[in-house]
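Okay, structure first, notes after.
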Amino acid sequence: MANYKDLKYIFPASSIASGTFADARLSQSSVNQYATSFDDNQIVNDISTLALRQASDENKGAYNTNSTYVDVFQDATGYTNGANTVRNASEYVSTQGTAGDSNTIALWTTQIDDHGDAIGGSPGTPIVDDTGKFQIQAADTNCQTFSSGNAAPPSGLGTRSIRTAAWSTSNNNKGYYIREVSGQTSDLNFGTGAFTIEMFVKQAGSGESNAHQYIFDFQSVSSPNERLTVAPYGTTNNQSYNGSLLAQGDYSWSNFGVGNWRHVAYARDGSGNLAIWINGVRVQAATNGGNDMNFTDSGGLGLGQRYNGENSSYTYINNIRISSIARYTPTSGSNITVPTSRFTGTTSTVNATGNFTCPNVTASASTNKMGAVITYQNHAGTNTLNTDIVLKLSADGGSNYSTATLVAMPDFATGIKMAKVNDLSVTAGTSLKYKIEFANQASGSKEARIRGVSLQY
């Protein structure tokens with residue numbers, strides 16, 4: 001074979017100095033007719049899913065890359081409430097909110113924590129409750145708030161408690177009275193309706209053995225016999241009654257576990273059934289029919305003592321709540337769950353509609369196409385995509401939103417669903433964000449929780 005140096009003899013320069021050569025390149029159309037187009041959406045969705053999973057596993061806050069924004073609501077940095085939504089500490093967004101609990105008539109929790117030491121005597125001051133309608137008063141200067149030793153409340157129930165001055169059968173007013181704040185009208189007129197009185201107590205000792213040591217004792221204005229009482233004897237036999245001893249029993253100080261905090265609750269339903277629970281155990285149940293239970297200042301509302309100031313117990317008291325409903329069922333023989341956190345004057349609610357957005361995400365170049373993957377949970381009922389959960393995307397800072405048609409994907413995890421949208425056309429821009437809207441939400445029947453969002457751009 002000829003050496004490459006001899007090629008000049010095979011193809012002499014003179015023979016290629018001029019003329020037309022054929023174009024051997026393939027046209028684009030010739031390539032396209034044989035090549036299958038590649039859709040990268042599946043890869044993009046997989047990357048978004050992986051990013052959401054990593055953010056969830058590593059408890060990451062909101063972050064973005066050159067083409068992706070991810071938030072699993074570990075904190076509030078990527079969450080902006082539009083209306084009626086809240087980011088929960090359990091890392092989701094929903095329309096759940098809080099509202100004032102109209103069933104709470106009187107409440108003392110943080111008011112005890114925030115009060116100075118002295119309650120009774122001079123210069124002691126009463127403790128006004130959360131509603132501003134009632135106050136705890138005392139006459140004895142030794143009726144004070146305490147924060148350490150025996151007075152230290154259980155975990156989750158605050159920092160201070162009130163203490164009676166001493167137990168006594170001869171000296172009155174060693175405990176407290178619940179009174180109206182000046183100018184207020186008593187709401188403790190329950191009539192024949194339902195109510196609950198509850199609190200946490202700790203007995204420092206069993207007191208005298210020949211008399212009741214009162215935890216609380218409220219005398220109705222209509223009759224001296226209509227009293228709401230929790231008052232065990234100092235040692236063995238005891239009584240707890242409403243009306244003419246309608247609820248009698250045989251629990252003693254051992255039920256209170258001297259030196260231990262105990263939850264005490266007294267509830268009556270609308271049919272006149274009543275019961276007493278000590279630390280979750282129902283110790284008494286009875287009925288007082290249709291007796292009116294209306295309490296006034298003049299009638300006496302004793303706390304840690306009898307309604308008239310007698311028979312004080314040596315008691316620490318914390319977290320007091322009076323309600324206009326039976327929060328526990330008197331006719332049920334089952335134990336109740338002892339609260340592990342302080343009472344509140346609010347109740348959970350679910351707004352029917354709401355929306356939230358993320359802060360603007362700056363893209364490196366203008367885009368007119370966006371995609372997203374969301375994770376969500378049907379906390380109650382079944383939420384329909386694009387009806388109950390609506391996703392909108394914007395590339396111009398929210399001036400214009402395009403509504404996505406979300407498509408369900410395989411579940412992200414047990415109980416956590418996933419949906420996507422790809423290549424949604426948006427008004428071009430570099431300031432990207434999403435908006436999620438809730439509709440038809442209802443407590444217990446339809447509640448959606450958004451767990452994560454990943455934007456693609």
Side-chain angles (χ1 to χ4, degrees), residues 106-182 184 197-208 211-218 230-232 234 253 256-264 297 300-322 339 342-343 345:
L107 180 69
W108 287 270
T109 55
T110 57
Q111 296 76 19
I112 296 176
D113 290 348
D114 297 339
H115 194 274
D117 288 344
I119 303 171
S122 177
T125 56
I127 304 178
V128 178
D129 89 311
D130 183 63
T131 70
K133 296 180 179 179
F134 297 94
Q135 58 189 5
I136 293 174
Q137 296 178 338
D140 195 291
T141 56
N142 290 317
C143 289
Q144 300 181 7
T145 66
F146 295 86
S147 61
S148 59
N150 284 330
S155 176
L157 295 180
T159 59
R160 303 180 76 85
S161 62
I162 61 175
R163 191 198 70 183
T164 55
W167 57 72
S168 174
T169 57
S170 57
N171 296 320
N172 293 342
N173 300 318
K174 297 294 184 179
Y176 300 89
Y177 289 103
I178 293 179
R179 295 283 189 256
E180 297 171 17
V181 172
S182 178
Q184 298 293 324
I197 298 175
E198 59 188 317
M199 63 195 71
F200 283 82
V201 301
K202 178 193 275 190
Q203 298 302 127
S206 58
E208 299 183 27
H212 289 302
Q213 304 299 311
Y214 284 81
I215 305 302
F216 56 81
D217 182 33
F218 297 170
V230 173
W253 283 109
F256 283 87
V258 174
N260 296 297
W261 283 99
R262 292 290 184 260
H263 174 249
V264 177
D297 282 355
L301 295 86
L303 189 63
Q305 64 183 17
R306 196 178 177 195
Y307 76 93
N308 60 2
E310 296 176 352
N311 295 65
S312 300
S313 58
Y314 199 4
T315 307
Y316 297 93
I317 303 174
N318 177 275
N319 283 270
I320 306 161
R321 180 171 66 176
I322 303 176
R342 62 186 0 169
F343 304 126

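For this chain, numbers begin at 1 and follow the sequence in order.
Under the rule for a side chain to side chain donor-acceptor pair (under 3.5 Å), T110 has no partner lying at least two apart in sequence or in another chain. In this view, D130 and Q111 satisfy the side chain to side chain donor-acceptor pair (under 3.5 Å) rule, not counting sequence neighbours.
For the pair A151 and S161, the tightest heavy-atom approach, listed with the atom from each and the gap, is O-OG, 2.7 Å. The nearest pair of heavy atoms linking T109 to F343 is CG2-O, 3.5 Å. In this structure, I215 and V201 approach most closely via the heavy-atom pair CG2-CG1, 3.8 Å. Smallest separation of non-hydrogen atoms from N173 and D140: O-CB, 3.7 Å. Heavy-atom minimum distance, N142 versus A165: CB-CB, 3.8 Å.
Here the CE-CD1 distance, from M199 to I317, works out to 6.0 Å after rounding to the nearest 0.5 Å. With rounding to the nearest 0.5 angstrom, the OG1 atom of T164 is 9.5 Å from the CG atom of L303. Annotation: the span from T125 atom OG1 to I136 atom CD1 amounts to 11.5 Å, rounded to 0.5 Å. The line from CH2 of W108 to CZ of R342 is 14.5 Å long, rounded to the nearest 0.5 Å. With rounding to the nearest 0.5 angstrom, the OG1 atom of T131 is 9.5 Å from the CD1 atom of I322. Between T315 atom OG1 and I162 atom CD1 the span is 9.5 Å, to the nearest 0.5 Å.
At least one side-chain heavy atom of F200 sits under 4.5 Å from a side-chain heavy atom of P339. A 4.5 Å side-chain heavy-atom check between I178 and F218 finds at least one atom pair inside the cut-off. Put simply, the side chain of C143 does not reach to within 4.5 Å of the side chain of K174, judged on heavy atoms.
Side-chain N or O atoms of W261 include one that pairs as donor or acceptor with a backbone N or O of A152 at under 3.5 Å. A donor-acceptor contact shorter than 3.5 Å links the side chain of T145 to the backbone of G116. A donor-acceptor distance shorter than 3.5 angstrom exists from the side chain of K202 to the backbone of N150, with no hydrogens or angles considered. The backbone N or O of T159 lies less than 3.5 Å from no partner atom in the side chain of S147, so there is not a single donor-acceptor pair. Listed for the Q305 side chain is a donor-acceptor partner under 3.5 Å among the backbone atoms of G175. The backbone N or O of R163 sits less than 3.5 Å from a side-chain atom of Y176, completing a donor-acceptor pair. Proximity of a side-chain donor or acceptor of D129 to a complementary backbone N or O of L107 within less than 3.5 Å is detected.
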Inset, instruction - Step by step, work out the side-chain contact (heavy atoms from CB on, under 4.5 Å) result for K133 and E180. - result: CA-CA 6 Å; K133 296 180 179 179; E180 297 171 17; over 6 Å; no
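The aromatic rings of F146 and Y316 sit perpendicular to each other, their planes meeting at more than 60°, with 30° as the lower class boundary.
R160 has no carboxylate O lying under 4.0 Å from a charged side-chain N of D113, or vice versa, which leaves the two without a salt bridge.
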